[in-house]
Amino acid sequence: MRTVMECMRDGIDEEIIGCAGEILRRGGLVAFPTETVYGLGANALDEKAAAKIYGAKGRPSDNPLIVHIADWDAIEKIAVDIPVEAKLLADAFWPGPLTMVLKKSDAVPLTTTGGLSTVAVRMPGHEVARALIRAGGGYIAAPSANTSGRPSPTKAVHVAEDMDGVIDMIIDGGDAEIGLESTIVDLTGDVPMILRPGYISQRMLSGVLGSVETDRALISDDSNIKPKAPGMKYRHYAPKADLFIIEGSERKVREKINMLVAEQMDAGRIVGVIGTDESFGCYHGGVIKSIGSRADEITIAQHLYSILREFDEMDVSAIYSESFDTPQMGQAIMNRLIKAAGHQIITV
Ligand code: AMP
Ligand code: MG
């Protein structure tokens with residue numbers, strides 16, 4: 001299959017949107033920009049189209065897809081018993097990086113929901129995404145547009161690396177603004193529960209709903225506790241090199257990383273370091289990369305996946321990273337980084 005790459009960095013191009021919408025309505029696959037990461041879209045209400053997503057990504061069939069909509073009224077076709085909390089959250093955060101889990105209607109095939117009786121729904125903030133959703137029939141299943149197990153794509157070239165020749169079209173909308181997947185909140189239980197942390201923090205959700213819980217599996221070290229979002233149990237985002245997170249006071253972290261790098265280099269190995277704009281100059285060896293600035297935490301989120309991809313291109317045997325427990329997005333950043341590190345954390 002030939003994959004067409006279209007550029008749409010300066011607003012909507014109706015002709016391209018029309019063409020991409022046509023591909024989706026005919027059951028094809030189109031990757032498109034969102035404010036979180038690039039999505040791999042298919043018609044969510046067409047079982048065969050949704051099945052193609054699992055095939056293209058190599059995604060386990062029990063890992064459900066998020067259904068993307070462009071208008072609030074669209075929700076009634078795919079969800080039932082919609083609680084008042086859903087409208088409150090939509091008014092506060094949609095369009096935006098928040099996904100809600102609701103009871104599904106019969107219109108949504110079980111292929112889309114990985115066999116679950118619930119459906120995850122999001123209205124993305126990116127205007128290209130919403131235009132495409134409308135053009136494609138209004139209900140677009142769109143997981144991250146990476147091969148399963150690779151870091152999520154935050155640039156169109158990342159999508160091309162994984163999906164060229166496998167999908168019909170890639171729409172290049174520039175770099176993803178947030179860089180981490182949406183916050184998922186489950187509204188089907190007694191108390192709203194965060195199943196995946198993201199840009200919309202627990203504090204922001206509590207500001208609208210009052211009490212909000214976090215899935216215990218996200219905060220516990222006990223690997224016997226299964227996450228409530230099926231996809232969270234997989235070790236996503238695994239880089240090729242062994243990744244270690246070093247946490248502790250600023251000074252000790254820098255000393256420890258320098259020591260580890262020196263040891264590895266003495267043994268003839270090439271290693272990587274993930275620091276920040278603030279600490280960059282304090283490291284003495286290895287391939288040193290700044291992930292962003294602690295003074296502007298979204299820059300850290302934006303660059304996490306692209307840094308992991310950059311290191312995958314290099315022959316480094318280990319990567320040593322600082323820890324990024326920043327105020328708003330710290331939980332989301334560390335959730336992804338700890339998974340990428342396979343829980344290898346060195347405390348100093
Ligand atoms: P991705 O689209 O690649 O960011 O992955 C979607 C995430 O949403 C996965 O972790 C899924 O397990 C989760 N998800 C999708 N639908 C549901 C649902 N109905 N209930 C719980 N989690 C869901
Ligand atoms: Mg994903």
Side-chain angles (χ1 to χ4, degrees), residues 29 31-42 44 50 53-69 75 78-82 86 97-105 107-124 126 129 133 139-154 158-159 162-163 176 178-189 192-200 213-218 226-238 301 304-305 308-309 332 335-336 339-340:
L29 300 180
F32 60 96
T34 84
E35 72 279 23
T36 57
V37 300
Y38 273 75
L40 178 55
I53 290 182
Y54 292 91
K57 282 177 63 75
R59 184 174 175 107
S61 59
D62 71 343
N63 189 358
L65 310 175
I66 295 173
V67 180
H68 292 68
I69 57 174
I75 205 166
I78 51 173
V80 294
D81 301 339
I82 300 167
L98 179 70
T99 296
M100 302 186 217
V101 174
L102 302 165
K103 284 189 198 152
K104 87 171 190 73
S105 76
V108 187
L110 288 168
T111 310
T112 299
T113 65
L116 297 178
S117 58
T118 54
V119 60
V121 189
R122 175 162 108 86
M123 188 193 293
H126 202 298
I133 292 163
Y139 300 92
I140 303 301
S144 47
N146 53 296
T147 305
S148 278
R150 291 217 71 203
S152 296
T154 56
H158 297 162
V159 180
D162 289 9
M163 295 293 159
I178 293 175
L180 295 182
E181 302 85 345
S182 58
T183 304
I184 301 178
V185 61
D186 182 357
L187 297 180
T188 63
M193 184 177 286
I194 296 172
L195 306 187
R196 177 173 73 184
Y199 177 83
I200 307 289
E213 289 176 357
T214 297
D215 183 4
R216 271 176 60 222
L218 300 183
K226 272 219 184 105
K228 292 193 185 334
M232 297 294 280
K233 69 175 178 278
Y234 296 106
R235 185 187 166 185
H236 289 288
Y237 334 122
L304 174 61
Y305 290 138
L308 294 179
R309 279 186 183 254
N335 170 263
R336 309 315 193 268
K339 268 200 204 176

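Counting starts at 1 for both ligands and their atoms, in listed order. Quick note: numbers below take in every heavy atom, side chains included, and nothing from hydrogens, waters or symmetry partners.
Shown in contact with R196 at under 4.0 Å from a heavy atom are these atoms of ligand 1, numbered in order with element: 1 (P), 4 (O), 5 (O), 6 (C), 7 (C). The atoms of ligand 1 that sit less than 4.0 Å from any heavy atom of T118 are 18 (C), 19 (N), 20 (N). The atoms of ligand 1 that sit less than 4.0 Å from any heavy atom of E181 are 4 (O). Numbered from 1 in the order shown, with element, the atoms of ligand 1 that lie under 4.0 Å from a heavy atom of A120 read 15 (C), 16 (N), 17 (C), 19 (N). Near L195, with a cut-off below 4.0 Å to any heavy atom, the atoms of ligand 1 are 21 (C).
In terms of heavy atoms, P153 sits closest to H158 at CB-CB, 3.5 Å. Considering all non-hydrogen atoms of both residues, K228 and D215 come closest at N-OD2, 2.7 Å. The minimum heavy-atom distance linking I82 with I75 is given by the pair CD1-CG2, 3.7 Å.
Residue G231 places at least one N or O, backbone or side chain, under 3.5 Å from an N or O of ligand 1. The shortest N or O to N or O distance between K228 and ligand 1 is not below 3.5 Å. Taking only nitrogen or oxygen atoms, main chain and side chain alike, R59 reaches within less than 3.5 Å of ligand 1.
Donor-acceptor pairing under 3.5 Å is recorded for the side chains of N63 and R59. Looking at R196 and S182, their side chains do bring a donor and an acceptor atom within 3.5 Å of each other. E181 and Y199 share no donor-acceptor pair across their side chains, judged by distance under 3.5 Å alone.
In T99, neither the side chain nor the backbone holds a heavy atom less than 4.0 Å from any atom of ligand 1. The part of L116 lying near ligand 1 is the side chain, judged by heavy-atom distances below 4.0 Å. Contacts between M193 and ligand 1 below 4.0 angstrom, taking non-hydrogen atoms only, are absent altogether. Contacts of I184 with ligand 1, taken as heavy-atom pairs under 4.0 Å, involve the side chain alone.
Not a single heavy atom of T113 sits closer than 4.0 Å to an atom of ligand 1. The shortest separation from a heavy atom of K104 to ligand 1 is not under 4.0 Å, leaving the residue out of contact.
Between the choices D186, N63, L102, the shortest heavy-atom distance to atom 9 (C) of ligand 1 belongs to N63.
At a threshold of 4.0 Å, the pair K104-D81 does not count as salt-bridged, since none of the basic side-chain nitrogens sits closer than that to a carboxylate oxygen.
Here S144 reaches the Mg ion (ligand 2): one of its N/O/S atoms is less than 2.8 Å from the metal.
Under the side chain to side chain donor-acceptor pair (under 3.5 Å) criterion, T36 pairs with T34, R122, not counting sequence neighbours.
Side-chain contact check for T183 versus P197: every heavy-atom pair is 4.5 Å or farther apart. Using a 4.5 Å cut-off on side-chain heavy atoms (C-beta onward), M163 and K57 make contact.
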